[in-house]
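Atoms considered below: every heavy atom in the structure, side chains included; atoms not considered: hydrogens, waters and symmetry mates. Numbering starts at 1 and runs along the sequence shown.
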Amino acid sequence: MCLQVIWTHVNNLFSFFNVVAFVKSGGQKKKITKAERLKQLQEEEEKRLKEEEEARLKHEKEQLEKLEIKRKEKEKWQQLEAKLIEKLKFILLETPSYDLQDKTIKQYQGSILELQELLNLKFNIATEILLRQASTLADLDSGNMEKIIKDEYVTLYVWANLKKNPRYRSVRFSETQIGFEIPRILATSDIALRLLHTRYDHVTPLCSVPAPLDVAQTPTVTEPVRAEDKSAVEPLASKEVQEGSKQENGSVSVDEEEVKVEEEGDVEEQKSTVEEELEATKYQMEMKLLSETVLAAQLLLVENACEKPEFFEDHEVDLCQFTILGGVYHLDILKLPPQCKPVKGWMIVEIPKEGLQKYIYPPETTEDFETENAFPPIEVMLQVHENVIFFENPMVARWDLEGKYWRTDGISNISYKSEERLITFSLETFGPVTLIQDTHINMPYQSWELRPLQENEVLLTVTTVFTEIQIQIKENLCMLASVKLKNKEHSCILQGKWMAPITFIIALKEVGLNVFPTGHSHFYVVINNKVPLVEMKAYRQMALLSSSFAFGWSRWNLRCDSDKVIFKVTEHLTKESIPHSNWVLLMFSGDRAQRLKINEDSEVYSEAIKDETELHSTLFHLVKDFSSVEGIEKIRSANCQFIDSVCQMLFSTRLLSYS
């Protein structure tokens, strides 16, 4: 029985193995021949080569397109640059600074607009390329992307909303306090936020400028020498020389026959003498014209405008009263472009034809939304640049693209933390914004002092309500020596840097240290207005004496008439401090200088001349009465560039009228 059962199992297993073998043999695929295998490999290789060739051609085409775009951008940039240079040459060489024509200003502004358009194009392309890769650059914690790109003059902040989490509404860029507080509707949208901070102000030049001072009102102003005027100098000089030579000879009765019989050597000698006299007269006339031109230009620096600039729009920023500080912040809400996707080792991305698009917030039509508060203002937090000084809480202004001016409406809830240099405000619509400060916050000055240091070197100290600024002048250069805020030393980026006077003045204004009034400043500051001609002559003569004499503020300058100025003066040839008793008071009226009997501590004002002193026509002749031989020698040997630099700084600060 057992053997039968075992035999049955053996037969069953045998049958099973036969069936399996039959199925395997019947179901097995036909073997591929070597030739077919080679053909298949060849086809695959050809397909691969074809794909690689297509990819290479596509890549080359893209590169060529990029190169073509770059070439066009470079060509456009060069054209704009050449156009701008030509316009600047015209402005600087052909047109006087006080006689700019409206047409020239509009051409200059047009060049700025074209350059801005090109820069915006480049920034948009760079931002679009960055945002396409946002998903690959996302932060692990938040899931959104943030990127900061920074150089010396520009900083770009970009944030992409990838997660669209309604609870994630506070945006803060890492390692900074800069950020946004966005409403719920933006937190759930495909958007990106971009903040472009330019440390320079390239927007304000597009504003309308105040009318220049009326040159015709100044009787002593002479027009600058032009090319056509110079050509007329030579014939005029030649005529005068000829007449002068005839008069010097005593008579014009010499016959032509006598002239013909003169020796050839005498003729050549006379010809040489006439040419020398012609050159000398021509030089004198050119120097006279140059002197009158310089005099006219200096007089314009102390002229006050007759009319205040008019601003017709509500909330428009008066750029004669306020100054832009810290550059411009360009705020934009952008539509998030399609993201890159990895497919079989390739990165595929959809590139919209319209390029990078702005996200309109709030939308133009809000009928589809239920509540009025569906689009609340966006809270912005900015960090004030460390090199800018704000003596009071800064104001915020936004740029009106249509009107081309700065305005203060549409901005609310302004808060400033001075220690952290952090300003927060709510903004209804995005666009360029900036921080502004009162231009005349440091005017009028409380006191001033001009003191000689070494040879061809002086120190000008200006004390205001908020600060004490010390400016060092050496030969043809200026330097910020020190700044004190609330009697404490303040570190400024400009300290220790020597610059030309004009460059130095611009640099001080850009960091907020503005002690340089303009022709319109008297409309915003209560000043001790002096006659321009008297003020101009005083500064010129003070600069001439500054190598040996110290000058200082006097309280009696407020009491005297507008056609006179009063200041302290003392000879100062050492590095020691000046004793209070060494100062004497001088009064100057443009054509008369005298030493006053009173001193700074006198109780009653008097214009009486000091006993045993005399009246003089200039300050130089007056100080010769009580100065040393060494002091006069230093004045005579002073560098002309040094005197000119001191003169420029005195004209720019206008110490006698604004203190």
Side-chain angles (χ1 to χ4, degrees), residues 287 290-291 294-295 298 448-461 470-478 481 501 533-554 556-557 564-600 607-651 653 655-656:
M287 291 303 296
L290 179 62
S291 177
V294 172
L295 188 69
Q298 291 179 342
W448 59 270
E449 182 183 292
L450 180 67
R451 178 165 54 91
L453 296 177
Q454 300 176 1
E455 185 178 359
N456 295 323
E457 186 174 355
V458 298
L459 183 69
L460 174 62
T461 303
Q470 289 190 333
I471 301 171
Q472 197 169 339
I473 307 170
K474 183 177 182 180
E475 296 183 353
N476 62 334
L477 298 174
C478 301
L533 189 61
V534 174
E535 190 176 358
M536 180 201 67
K537 289 184 176 181
Y539 294 146
R540 288 166 65 100
Q541 296 187 33
M542 288 167 63
L544 181 66
L545 305 176
S546 61
S547 57
S548 296
F549 285 84
F551 298 87
W553 170 83
S554 172
W556 299 118
N557 189 44
K564 302 181 182 70
V565 293
I566 297 177
F567 44 82
K568 298 185 298 184
V569 65
T570 182
E571 187 177 53
H572 187 66
L573 303 177
T574 64
K575 296 182 179 180
E576 299 177 358
S577 59
I578 304 174
H580 181 71
S581 58
N582 286 14
W583 293 103
V584 297
L585 288 182
L586 300 186
M587 186 171 70
F588 181 65
S589 61
D591 54 4
R592 189 176 71 173
Q594 69 182 61
R595 184 173 174 180
L596 294 179
K597 188 175 183 178
I598 60 173
N599 57 36
E600 197 66 16
E607 295 184 1
I609 188 172
K610 186 175 177 59
D611 298 337
E612 300 180 356
T613 62
E614 298 178 354
L615 295 174
H616 292 277
S617 59
T618 66
L619 293 177
F620 175 74
H621 292 91
L622 176 61
V623 299
K624 283 180 66 177
D625 291 346
F626 57 88
S627 63
S628 63
V629 177
E630 182 184 358
I632 297 299
E633 184 60 31
K634 285 189 69 176
I635 293 173
R636 295 186 186 278
S637 61
N639 189 323
C640 59
Q641 290 183 330
F642 160 74
I643 296 174
D644 181 64
S645 298
V646 176
C647 197
Q648 283 190 58
M649 200 55 59
L650 293 176
F651 277 117
T653 51
L655 302 171
L656 296 173

Throw together a table of side-chain donor-acceptor distances under 3.5 angstrom for residues 629-637, partners on residues two or more places apart or in other chains.
residue: Lys634; atom: NZ; partner: Ser547; partner atom: O; Å: 3.4
residue: Ser637; atom: OG; partner: Glu633; partner atom: O; Å: 2.9
residue: Ser637; atom: OG; partner: Lys634; partner atom: O; Å: 3.4

Check your understanding: Looking only at heavy atoms, what is the nearest atom pair of Gln541 and Phe620, with distance?
Key -> OE1-N, 4.2 Å

Practice item. Kindly compute the distance separating CD1 (Ile473) from CE (Met649), expressed to the nearest 0.5 Å. Key: 5.0 Å

Point to revise | Partner residues of Lys537 under the salt bridge (Lys or Arg N to Asp or Glu O under 4.0 Å) criterion, sequence neighbours left out | key: none

**Study point:** Partner residues of Glu449 under the salt bridge (Lys or Arg N to Asp or Glu O under 4.0 Å) criterion, sequence neighbours left out
**Key:** Arg451

Practice item. For the pair Asn456 (side chain) and Asn639 (backbone), establish whether a donor and an acceptor sit closer than 3.5 Å, ignoring hydrogens and angles. Key: yes

Point to revise | Test item: Asn557 side-chain N/O and Leu656 main-chain N/O as donor-acceptor pair under 3.5 Å | key: yes

**Study point:** Residues that Ser628 engages under side chain to side chain donor-acceptor pair (under 3.5 Å), provided they are two or more places apart
**Key:** Glu571

Check your understanding: For Val623, does its backbone N or O pair with a side-chain atom of His621 as donor and acceptor, under 3.5 Å?
Key -> no

**Study point:** With sequence neighbours excluded, residues passing ring pair (Phe, Tyr, Trp, His ring centres under 6.0 Å) with Tyr539
**Key:** Phe651

Would you tabulate the side-chain donor-acceptor contacts of residues 578-588 under 3.5 Å, counting partners in other chains and residues two or more places apart, or write 'none'?
residue: His580; atom: NE2; partner: Asp601; partner atom: OD2; Å: 3.0

Exercise for review: Please report the shortest heavy-atom distance between Leu650 and Ala543, naming the atom on each side.
Suggested key: CD1-N, 4.1 Å

Practice item. Find out whether Cys647 and Gln298 are in side-chain contact, i.e. whether some heavy atom of one side chain is under 4.5 Å from a heavy atom of the other. Key: yes

Exercise for review: May I have the step-by-step check of side-chain contact (heavy atoms from CB on, under 4.5 Å) for Val646 and Leu544, ending in yes or no?
Suggested key: CA-CA 9 Å; Val646 176; Leu544 181 66; over 6 Å; no

**Study point:** Minimum side-chain heavy-atom gap Lys610-Leu596 below 4.5 Å
**Key:** no

Exercise for review: Please report the closest heavy-atom contact between His572 and Glu576, naming both atoms and the distance.
Suggested key: CE1-O, 2.7 Å

